[in-house]
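Just so you know, ligand 1 is whichever comes first in the structure, and atom 1 is the first atom listed for that ligand. Only this structure's heavy atoms are used, side chains among them; waters, hydrogens and symmetry mates stay out.
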Amino acid sequence: MANCMKFIYKRILLKMSGEVIKGVDKVNFKNCLIYNIVKEIRFLVKNGIEISLVIGGGNLFRGSFLSKLGINRVSSDYIGMLSTIINGLFLKDIFERYNIPVCLMSSITIDNVCKKYNLEKAMKLLSNSVVIIFCGGMGNPFFTTDSAACVRAIETNSDIIFKGTKVNGIYSQDPNKYPDAFFYKKLNYQDVLQKEFKVMDLTAFILARDYNIPVHIFNIYHNNILSRILQGNTEGTLITS
Ligand code: UDP
């Protein structure tokens, strides 16, 4: 039955904030929702979808927070990038426990901990149904993992960037404050920029626009959301040209 499923994309890149690694009681690595997502990814990979992930580090450290404490910005950002590697190791372990072929690749080299980022290898692994977890961001300070997601998606010829968030997609106003806020099912890059919707950091978003890669924003806490979007259901907000 599962093999009859039709999907609208073949290769996707999923960007997840480090926040997904915090559990219900806000403790890192404990009782977090990531297990549901990993199970869904296992199903999709078995059904021919090629998946890479970019994991953030905001559950542990963000450079902007540390620099406010007086730490040099470059060091702050490296601490942030190292946080993404810690999260990547945690994710890799879960994938292995679920018997999903996985490779953790980092833009920052730490021998014995993870593989060094290599595009050629990543492409081969993806076409062999191995899930790639990209960590270490871009490997440079002053960026975020949103930028890493856009760069890796473009490099790996992914069909789309899936950005899993805590919200359902893009509303005209904050739906918690304005219950009649309008929900956008589709937007184009220009609208997002003009209306100053906070989809991802601006550098990253401009890159997505310039390379014409669609961005789909959705609530990652909804069960089976990846499968539903991949089957063409209109959930979340799709941003295209
Ligand atoms: N970071 C960086 N360069 C990058 C990616 C990330 O300096 O290419 C640092 C930055 O300090 C950032 C932190 O790593 O705040 C964690 O990443 P991010 O804030 O994107 O994580 P998320 O919010 O997605 O969990």
Participant: So which atom in Leu82 and which in Ile110 form the shortest heavy-atom distance, rounded to 0.1 Å?
Facilitator: CD2-CD1, 4.0 Å
Participant: Using every non-hydrogen atom in the two residues, find where His216 and Glu235 come nearest and quote the distance to one decimal.
Facilitator: NE2-O, 2.6 Å
Participant: Using a 6.0 Å distance limit plus a 45 degree cone around the ring axis, check whether Arg152 lies over the aromatic ring of Tyr117.
Facilitator: yes
Participant: Heavy-atom cut-off of under 4.0 Å around ligand 1: list whichever protein residues fall inside it, by chain and number.
Facilitator: Lys15, Ser17, Gly18, Gly56, Gly57, Gly58, Phe61, Arg62, Gly63, Asp77, Gly80, Met81, Gly137, Met138, Asn140, Pro141, Phe142, Phe143, Thr144, Thr145
Participant: Could you verify whether a donor N or O on one side chain and an acceptor N or O on the other, from Glu50 and Ser129, lie under 3.5 Å apart?
Facilitator: no
Participant: Taking only residues two or more places apart in sequence, or in another chain, which ones meet Tyr221 in a side-chain hydrogen bond (donor to acceptor under 3.5 Å, both in side chains)?
Facilitator: none
Participant: Are Lys10 and Asp159 within salt-bridge range, i.e. N to O under 4.0 Å?
Facilitator: no
